[in-house]
Amino acid sequence: MKLGVCYYPEHWPEAWWAEDAAAMAAMGLTWVRIGEFAWSRLEPEPGLFDWDWLDRAIDTLHAAGLKVVLGTPTATPPKWLVDRDPRMLAIGPDGRPRGFGSRRHYCFSSEAYRAECARIVEALAERYGGHPAIAAWQTDNEYGCHDTTISYSRDAARRFRAWLRARYGDVITLNEAWGTVFWSQEYRDFSEIDPPIGTVTEANPSHRLDYNRFASDEVASFNRIQVDILRRLSPGRDIIHNFMGFYTEFDHFDVAADLDVASWDSYPLGFTEQFWLPAEDKRRYLRQGHPDIAAFHHDLYRGCGRGRMWVMEQQPGPVNWAGFNPAPLPGMVRAWTWQAFAHGAEVVSYFRWRQAPFGQEQMHAGLNRPDRSLDVGGVEARQVADELALLGELAPRDPAPVALVFSYEADWLLKIQPQGRSFHWLALAFDFYSALRRMGLDVDIVPPGADLSGYRAVVVPSLPIVDAAFVAQIAGLGVPVLLGPRTGSKTRDLHIPADLPPGPLRAVLPFKVNRVESLRGDVIETVTVGGETFDFKAWREDLETDLAPLARFADGGAAWVRAGAIDYLACWPGEALLDHVLGDLAARAGLETRAMPDGVRISRRGGLTFAINAAAEARSTPAPAWARFVIGGPLLTPAGVAVWSED
Ligand code: GAL
């Protein structure tokens with residue numbers, strides 16, 4: 001469990017570097033990430049490299065005892081490169097190039113740009129691959145940031161056709177898979193197929209889903225080019241990418257399969273403000289961030305990294321990019337850091353060492369202010385460093401008792417075909433996750449193909465495409481499984497299953513979905529469970545079944561059914577219904593739950609339980625009377641942290 005920071009030596013006078021490095025070490029930081037946007041300084045003229053400054057920067061950091069994560073600079077191709085070959089720019093949905101002047105101005109499918117990336121990464125890795133200070137690499141920076149996963153360039157179109165040819169073999173098969181007989185969309189040859197933009201009304205949904213799959217594969221193969229070079233020229237170093245929050249445009253499990261560690265960039269206040277949460281939550285967690293947002297991503301990326309997860313960028317103060325940018329509550333930077341470690345982070349690295357007084361992010365805080373004085377985040381980072389020294393090293397997390405199955409493809413599919421503006425797959429998955437966390441349960445987030453044996457309960461918020469292997473797996477688990485609405489509702493080609501949803505799941509869940517309806521966002525309807533009434537929203541299905549319902553809609557229809565150990569929910573449950581259904585699941589699984597005080601969450605690592613308080617008021621720590629506290633105590637102040645042993 002180590003701390004780090006993101007540093008841009010090229011932004012500061014060289015005379016400051018040694019002092020900065022010494023101050024980092026004195027603060028208790030051990031890692032420093034550099035270089036990820038520095039291409040124009042590394043190669044100021046085509047083919048003319050200037051390594052001297054980076055040599056000196058790395059040596060300076062090394063001399064202070066810091067370990068370096070060196071970023072490849074491919075998120076920011078320099079002007080000369082773009083001007084020389086403007087076809088490397090991504091093309092937006094409006095058909096126009098996304099030009100130079102900010103960052104991520106490239107198309108993942110550009111073969112010319114792929115070659116340029118290989119060239120610069122190879123040069124960098126040849127120079128620094130064996131340097132003793134270089135302990136890890138970061139490929140590129142935040143793939144997909146600023147909506148850059150999908151591009152409609154000519155290279156993308158060409159590679160998409162090749163991708164389709166490999167997937168379908170012949171165009172007749174493709175026509176059937178896409179149902180192109182509908183509206184006379186049939187193709188005579190792969191060469192006739194374009195990316196799905198510029199159509200009069202919505203493009204063919206199967207075509208769009210394949211374009212998402214293709215674009216996701218492009219990110220993976222783009223990343224792999226760099227990984228292969230780094231493995232060859234810099235053996236023994238971890239290769240990492242920094243993923244984003246609430247970002248689903250490519251399959252992160254796939255990209256991370258080529259990495260050693262999955263890291264992510266944690267900006268809890270920006271995410272709370274920027275995403276779909278109700279206005280009331282945005283106000284309530286204004287300066288703390290919603291208590292499940294960072295945790296959800298820690299668990300997701302720990303899953304992507306097969307147990308290995310870092311926070312590469314941790315919010316240190318107000319950011320610049322959300323609609324509103326409040327300052328964290330005093331203590332919150334420390335609390336986020338502890339939460340990350342509790343969820344298994346190996347390293348938490350703050351973004352950034354010093355606020356830049358120029359450029360796009362001059363309003364974004366760092367650990368230090370532009371005048372070199374220590375900012376609040378820096379004080380809190382130092383506090384964590386001191387506490388870490390007291391706590392010593394902890395074992396990685398044990399597997400959690402509950403698995404939540406998370407599918408990027410589900411998100412693409414349900415964005416293409418939401419069938420109602422309030423159906424948002426990621427929000428649904430987050431609701432299920434939050435409910436588990438409100439009960440004090442630890443959760444592993446895993447991909448659809450994961451081995452689920454060993455978990456005591458499995459939760460699948462919604463998985464429209466299920467295959468026979470998945471059905472066989474959940475049928476044989478023998479532990480409680482909860483499947484959310486729309487699970488099994490589509491085939492791999494995005495058709496309605498021949499025998500209606502839940503398609504292949506009918507083998508284990510004897511019902512069929514005769515009809516679905518979506519509801520306006522301001523409509524709340526109810527179900528009854530025994531004598532109790534609960535809300536649901538956004539989505540409802542009509543099931544035809546002989547199973548005795550556990551919950552009924554107002555008209556008597558089945559809202560929640562069970563066959564053996566497998567449950568199915570035929571609506572988008574409100575919070576109380578979800579708590580009820582998941583509480584029942586936990587009870588059947590024999591899991592000990594603990595109702596969390598509002599805004600408080602716990603997680604377990606290395607024999608210790610960690611709590612943070614994201615409420616604006618003090619709360620009692622959800623620890624038993626016999627808890628032995630290592631940090632904090634029975635009262636959690638706002639932004640408070642407590643760590644204890646229950647042995
Ligand atoms: C991240 C990015 C950083 C910086 C930061 C600001 O998305 O990786 O380069 O822009 O956000 O919060």
Side-chain angles (χ1 to χ4, degrees), residues 4-12 31-41 69-77 101-106 136-149 219 223 226 240-250 252 255 259 261-275 289 293-294 297 301 309-328 332-333 336-337 340 347-370 375-378 381:
V5 72
C6 305
Y7 186 56
Y8 300 90
E10 69 277 22
H11 294 180
W12 309 110
W31 284 88
V32 54
R33 183 197 66 178
I34 61 170
E36 80 278 11
F37 300 123
W39 197 334
S40 69
R41 285 291 168 98
V69 183
L70 187 54
T72 67
T74 52
T76 46
S102 64
R103 62 177 173 183
R104 299 215 55 77
H105 40 284
Y106 72 80
W137 291 87
Q138 175 184 297
T139 56
D140 202 284
N141 190 79
E142 290 194 340
Y143 288 136
C145 187
H146 318 302
D147 291 323
T148 51
T149 296
V219 178
N223 181 62
Q226 302 199 11
I240 310 176
H241 178 73
N242 58 331
F243 296 110
M244 287 186 287
F246 289 136
Y247 188 77
T248 50
E249 298 251 295
F250 61 87
H252 293 47
V255 174
L259 303 169
V261 178
S263 79
W264 78 286
D265 297 342
S266 178
Y267 294 93
L269 300 193
F271 298 147
T272 299
E273 174 54 40
Q274 206 77 333
F275 289 92
I293 288 183
H297 292 95
Y301 290 122
M309 181 269 291
W310 289 24
V311 173
M312 192 62 90
E313 299 180 11
Q314 173 62 62
Q315 176 167 359
V319 299
N320 63 306
W321 47 262
F324 302 93
N325 297 295
M332 215 55 221
V333 173
W336 292 328
T337 310
V347 173
V348 177
S349 157
Y350 299 96
F351 183 89
R352 47 187 278 160
W353 174 246
R354 184 182 297 112
Q355 181 174 356
F358 48 80
Q360 277 91 330
E361 293 181 347
Q362 54 187 268
M363 301 300 285
H364 191 299
L367 295 183
N368 294 277
R369 303 186 185 97
D375 206 340
V376 183

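Quantities reported herein were computed from a predicted structural model and do not represent experimental measurements. Remember, it's 1-based here, ligands and their atoms both numbered in the order they're listed.
Of the heavy atoms in Glu361, only side-chain atoms (C-beta onward) come closer than 4.0 Å to ligand 1. The residue His146 has no part lying near ligand 1, judged by heavy-atom distances below 4.0 Å. Proximity of Asn141 to ligand 1, defined as any heavy-atom pair under 4.0 Å, is confined to the side chain (atoms from C-beta onward). If you look at Met244 next to ligand 1, there are no close heavy atoms at all, none under 4.0 Å. When heavy-atom distances to ligand 1 are checked against a 4.0 Å cut-off, His364 comes that close only through its side chain, counted from C-beta outward.
When only modelled atom types and interatomic distance are considered, Gln226 and Thr139 share no side-chain donor-acceptor pair under 3.5 Å.
In summary, the aromatic rings of Trp353 and Trp12 are positioned with their centroids too far apart to meet the 6.0 Å limit.
Heavy-atom proximity to Glu142, at under 4.0 Å, picks out these atoms of ligand 1: 1 (C), 2 (C), 7 (O), 8 (O). Per-residue contacts place Trp321 under 4.0 angstrom from the following atoms of ligand 1 (heavy atoms of the residue considered): 6 (C), 12 (O). The ligand atoms of ligand 1 that sit less than 4.0 angstrom from a heavy atom of Phe37 are 9 (O). Under a 4.0 Å criterion applied to the non-hydrogen atoms of Asp265, ligand 1 contributes the atoms 8 (O).
Shown are Arg352, Glu36, Arg354; of these, the side-chain hydrogen bond (donor to acceptor under 3.5 Å, both in side chains) with Tyr8 is made only by Glu36.
Between the Tyr247 side chain and the Gly144 main chain, a donor and an acceptor come within less than 3.5 Å of each other. A side-chain donor-acceptor contact under 3.5 Å links Asp265 to the backbone of Glu313.
Comparing Arg352, Arg103, Glu36, Met312 against atom 9 (O) of ligand 1, the shortest heavy-atom distance belongs to Arg103. Residue nearest to atom 1 (C) of ligand 1, selected from Glu313, Arg104, Gln138: Glu313 (by heavy-atom distance).
For Arg103, the CZ atom counts as densely surrounded, since its 6.0 Å shell holds more than 12 non-hydrogen atoms of other residues, nucleotides or ligands.
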Audit row: His297, Phe243, ring pair (Phe, Tyr, Trp, His ring centres under 6.0 Å) steps and yes/no: CA-CA 10 Å; His297 292 95; Phe243 296 110; over 10 Å; no
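In this structure, His241 and Tyr143 have parallel ring planes: the angle between them is below the 30° cut-off, well short of the 60° mark.
In terms of protein heavy-atom proximity, atom 5 (C) of ligand 1 is closest to Tyr267 OH, 3.3 Å.
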